[in-house]
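Only one structure is covered here, and it is reproduced in the block below.
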Amino acid sequence: MSLKAKTALITGSTSGIGLAIARALAAEGANIVINGFGDAAAIETERAKIEADFGVKALYDGADMTDGAAIAAMVANAEKVFGSVDILVNNAGIQHVAPIDEFPVDKWNQILAINLSSAFHGMRAAIPGMKARKWGRIISTASAHSLVASPFKSAYVAAKHGIAGLTKTAALEVATHGITVNCISPGYVWTPLVEKQIPDTMAARGMTKEQVISDVLLEAQPTKQFVTVDQVASLAVYLCSDAASQITGANLSIDGGWTAE
Ligand code: NAD
């Protein structure tokens, strides 16, 4: 498969799953727009590395996913620079853990904006160009929490269930335009974010690293192994292929059996 002459815009791609998806799509020849927060020099290093490693063009846009106008402007600018946005990956996301009766209202609003509404704004801006070119791929990083719940994650679970519904609706609307719309639902993925929690949890619970991984982090994951960012990225690449042209409106689990229980 080649994605040469295509452009992929991946939100929240300065680290973790988003960066792996950006690099995997670049490896197939797509020009890339990366987005997200972080240290400016580190982001520039990653952007330049995508160009050097894969011989594609990569642009960084720092649009804040809580700002619908900034998201629309990012899509418009990418279309201006590269001529199109053919692949939109809605991946930016944050988490906050607290009981509903103590859940900070600003955190609720922020999570709904970043984890759900940003996908609506991105689709709204990118779909007209995809329709005009009769080809498009829209992929959102949902979560096992788009299918099942955990306590104390009300905003995250609501937003991710929302992504699953938005995916189905958008898929139906654009089904005859050569555009597919799907979401990927990972279980626990090994990212720096997860890795950083381990030393504190070891200290707090008096556990070994192995105990923290299997009894705390992977408690819900039957395989007792993390999903890797590269496995999620491979699924995203597959969804961009012609072989996947009849997969639309789907919510694809990659969760080590979590949601089978
Ligand atoms: P991460 O923290 O490494 O990446 C999140 C990205 O979103 C970063 O690039 C960050 O800068 C960006 N971001 C955050 N707020 C933003 C904002 N307001 N505007 C623009 N960008 C913003 O986390 P990750 O684990 O790679 O998560 C990526 C996605 O995968 C999220 O949607 C998350 O919910 C989902 N997910 C992660 C896991 C996991 O176990 N890591 C499991 C299931 C789903």
Side-chain angles (χ1 to χ4, degrees), residues 9-24 32-40 42-43 45-47 50 60-75 88-97 106-107 109-119 121-122 139-150 153 155-164 166-167 183-198 213 216-221 223 225-233 235-236 251-256 258-259:
L9 186 160
I10 304 98
T11 72
S13 48
T14 51
S15 81
I17 295 169
L19 181 58
I21 294 176
R23 289 183 57 80
I32 299 295
V33 181
I34 56 169
N35 158 263
F37 296 155
D39 174 66
I43 293 171
T45 301
E46 290 296 351
R47 188 204 63 76
I50 291 172
Y60 168 68
D61 192 311
D64 184 338
M65 290 301 105
T66 62
D67 181 347
I71 296 167
M74 173 171 65
V75 171
L88 170 68
V89 183
N90 302 301
N91 171 78
I94 60 164
Q95 175 65 284
H96 187 81
V97 181
D106 62 333
K107 277 288 168 206
N109 290 333
Q110 198 187 9
I111 290 175
L112 268 285
I114 296 170
N115 296 20
L116 176 58
S117 298
S118 72
H121 292 293
I139 301 165
S140 300
T141 311
S143 164
H145 283 119
S146 75
L147 295 160
V148 296
S150 297
K153 296 183 177 176
Y156 189 88
V157 171
K160 295 297 187 182
H161 275 65
I163 284 286
L166 175 63
T167 296
C183 57
I184 296 176
S185 285
Y188 246 113
V189 185
W190 185 257
T191 62
L193 212 82
V194 172
E195 201 175 351
K196 278 186 216 140
Q197 297 171 24
I198 292 176
I213 288 175
V216 181
L217 295 177
L218 294 180
E219 204 256 325
Q221 208 142 294
T223 56
Q225 289 181 27
F226 287 97
V227 181
T228 69
V229 292
D230 290 334
Q231 289 170 335
V232 178
L235 185 50
N251 184 349
L252 299 165
S253 291
I254 177 164
D255 66 2
W258 177 345
T259 52

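Note that ligands are numbered from 1 as they come in the structure, with each ligand's atoms numbered from 1 the same way.
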Which atoms of ligand 1 sit under 4.0 Å from any heavy atom of N35?
20 (C), 21 (N)

Main chain of I50, side chain of E46: is a donor-acceptor contact present, judged purely on distance under 3.5 Å?
no

If you have a sec, work out which protein heavy atom is nearest atom 7 (O) of ligand 1 and how many Å separate them, to one decimal?
G12 CA, 3.4 Å

Consider every N or O of I114 and every N or O of ligand 1, then say whether any pair is closer than 3.5 Å.
no

How are the rings of Y156 and H145 set to each other: parallel, tilted or perpendicular (split at 30° and 60°)?
perpendicular

Give the numbers and elements of all ligand 1 atoms closer than 4.0 Å to a heavy atom of A142.
35 (C), 44 (C)

Given S140, which of N115, N90, T11 fulfils the side-chain hydrogen bond (donor to acceptor under 3.5 Å, both in side chains) condition?
N90

Heavy-atom nearest option to atom 25 (O) of ligand 1, drawn from I71, N90, T191
T191

In terms of atom number and element, which parts of ligand 1 are under 4.0 angstrom from non-hydrogen atoms of G36?
11 (O), 21 (N)

Looking only at non-hydrogen atoms, the one of Y188, F37, F226 nearest atom 17 (C) of ligand 1 is F37

Is it the case that atom CD in Q95 sees more than 12 heavy atoms from other parts of the structure closer than 6.0 Å?
yes

Among all protein heavy atoms, pick the one closest to atom 8 (C) of ligand 1 and tell me residue, atom and distance.
T14 OG1, 3.7 Å

Taking atom 37 (C) of ligand 1 as the point of reference, which of T11, I17, V227, I10 owns the nearest heavy atom?
I17

Which heavy atom of the protein is the closest neighbour of atom 33 (C) of ligand 1, given with residue, atom name and distance?
Y156 OH, 3.5 Å

Going by salt bridge (Lys or Arg N to Asp or Glu O under 4.0 Å), name the residues that satisfy it together with R47, two or more places apart in sequence or in a different chain.
E44, E51

Between S185 (side chain) and S143 (backbone), is there a donor-acceptor pair under 3.5 Å?
yes

With a cut-off of 4.0 Å, which atoms of ligand 1 are near a heavy atom of D64?
17 (C), 18 (N), 19 (N)

Checking contacts here: is it the side chain or the backbone of A63 that comes within 4.0 Å of ligand 1, counting heavy atoms only? Could be both or neither.
backbone

Kindly confirm or rule out an N or O of M65 lying under 3.5 angstrom from an N or O of ligand 1.
yes

Side chains of D230 and T228 only: does a donor on one sit below 3.5 Å from an acceptor on the other?
no

Keeping N35 on the side-chain end and D61 on the backbone end, is there a donor-acceptor pair under 3.5 Å?
yes

Taking 4.0 angstrom as the limit and counting only heavy atoms of I94, give me the atoms of ligand 1 inside it, by number and element.
14 (C), 15 (N)

